[in-house]
*Asks:* 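Okay, handing you the structure first.
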Amino acid sequence: MKYLGMLSKIKIFNYNTLVKIVGNNNLANATIQNYLKKGFVKRIKRDLYTTISLETDGPLADKFLIGSNITKSSFISHHSAFEFYGYYNQVYNTVAVSSLTPFNSLEFEENTFVPIHTKSSSFIETIRGVRVASIERTIVDSIKDSGKYSDLEETLNCIKMIPYIAIDDIAKYLEEISSKMLYKKVGLILSLFKEQFNIPESFFQKCHDMSDSVKGYFDTNKKAHVYNKEWKIFVYKDLSSYIN
């Protein structure tokens, strides 16, 4: 019980963290085996543990803290980031976790942590110990991966709940990704929220300029798409009707 108080404060830890706390490898090995046996800690995956609450008998690390610690570069993204920020009306047992380092899908305490490989470490914030995509990156990633890791209707309704976005960050992240089709998709979706976020016309003009020659489909559900003349893309009809 000597180290349990400190482990309860950090909630989630690996072997190296435990060694730093107890002082040496032998004591760390003995401590982790003892705490696992007594149910004071629980193994999430190889070399990742959470402390167990003595009051609730459940893990002290929630799904967001766990997801952002699966790898050194992992962070909460897509619909799970919207949920973390409080913009989702329902609770998911599937947690979207982006990471520079690949990892296998992981199940723990009725939650499934879905790996999403990314090459970008931009626009990631640390909030209450959780690494999470910024709201601007979450918007762009959710639009980019619509139908794959995010549902468009749910994304639209999450965006509706957001009080403010930094449109310059949206523009910077789009520039980093450098996808003509994504410029078109993001421009189209955010045009639905132009007044809400007071988005300048210059942003939409840039989206047009960067993507005007490209044509295509918004996502893989091609049968449900109709042609949008303004943005020159096949997309769902009457998108505004998707917003509750």
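Residue numbers count from 1 along this sequence.
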*Asks:* Please list all pairs passing the salt bridge (charged side-chain N to carboxylate O under 4.0 Å, His left out) test where one or both residues lie in residues 105-133, with sequence neighbours left out.
*Replies:*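 Those involving residues 105-133 are K42-E109.
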*Asks:* Report the residues that fulfil ring-ring contact (aromatic ring centres under 6.0 Å, His included) with Y217, sequence neighbours left out, ordered by chain and then residue number.
*Replies:*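 With neighbours one apart ignored, the set is H225, F234.
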*Asks:* Could you work out the complete set of other residues in the hydrophobic cluster of I124, with links drawn between I, L, V, M, F, W and Y side chains under 4.5 Å apart?
*Replies:*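 Noted: I124 shares its cluster with F75.
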*Asks:* Which residues satisfy the side-chain hydrogen bond (donor to acceptor under 3.5 Å, both in side chains) test with T94, sequence neighbours excluded?
*Replies:*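 Per chain and number, T94 pairs via side-chain hydrogen bond (donor to acceptor under 3.5 Å, both in side chains) with no residue.
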*Asks:* Ignoring hydrogens and angles, tell me if any N or O in the side chain of T118 forms a donor-acceptor pair with the backbone of S98 under 3.5 Å.
*Replies:* no
*Asks:* Does the side chain of S99 pick up a donor-acceptor pair with the side chain of T71 at under 3.5 Å?
*Replies:*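 The answer is yes; a qualifying pair exists.
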*Asks:* Got a sec, which pairs hit ring pair (Phe, Tyr, Trp, His ring centres under 6.0 Å) with one end in residues 41-71, sequence neighbours left out?
*Replies:*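 Found F13-Y49, F64-F84.
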*Asks:* With sequence neighbours excluded, give me every side chain to side chain donor-acceptor pair (under 3.5 Å) pair touching residues 175-197.
*Replies:* S120-E176, S122-E176, K194-E201
*Asks:* Which residue pairs satisfy the side chain to side chain donor-acceptor pair (under 3.5 Å) criterion with at least one member in residues 18-38, sequence neighbours excluded?
*Replies:* Y15-N29
*Asks:* Sequence neighbours left out, what pairs pass ring pair (Phe, Tyr, Trp, His ring centres under 6.0 Å) with at least one residue falling in residues 189-214?
*Replies:*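 Passing the test, one end in residues 189-214: H208-W231.
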*Asks:* Any luck finding a side-chain donor-acceptor pair between S74 and S68 under 3.5 Å?
*Replies:*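 Not at all, the side chains of S74 and S68 share no donor-acceptor pair under 3.5 Å.
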*Asks:* Taking only residues two or more places apart in sequence or in another chain, which ones pass ring-ring contact (aromatic ring centres under 6.0 Å, His included) with Y85?
*Replies:* none
*Asks:* Sort and list the pairs that fulfil ring pair (Phe, Tyr, Trp, His ring centres under 6.0 Å) and have at least one residue in residues 152-176, not counting sequence neighbours.
*Replies:*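 Non-adjacent pairs meeting ring pair (Phe, Tyr, Trp, His ring centres under 6.0 Å): F123-Y173.
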*Asks:* With sequence neighbours excluded, tell me which residues meet side chain to side chain contact (heavy atoms under 4.5 Å, CB included) with A30.
*Replies:*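 Per chain and number, A30 pairs via side chain to side chain contact (heavy atoms under 4.5 Å, CB included) with no residue.
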*Asks:* D47: what forms a salt bridge (Lys or Arg N to Asp or Glu O under 4.0 Å) with it, not counting sequence neighbours?
*Replies:* none
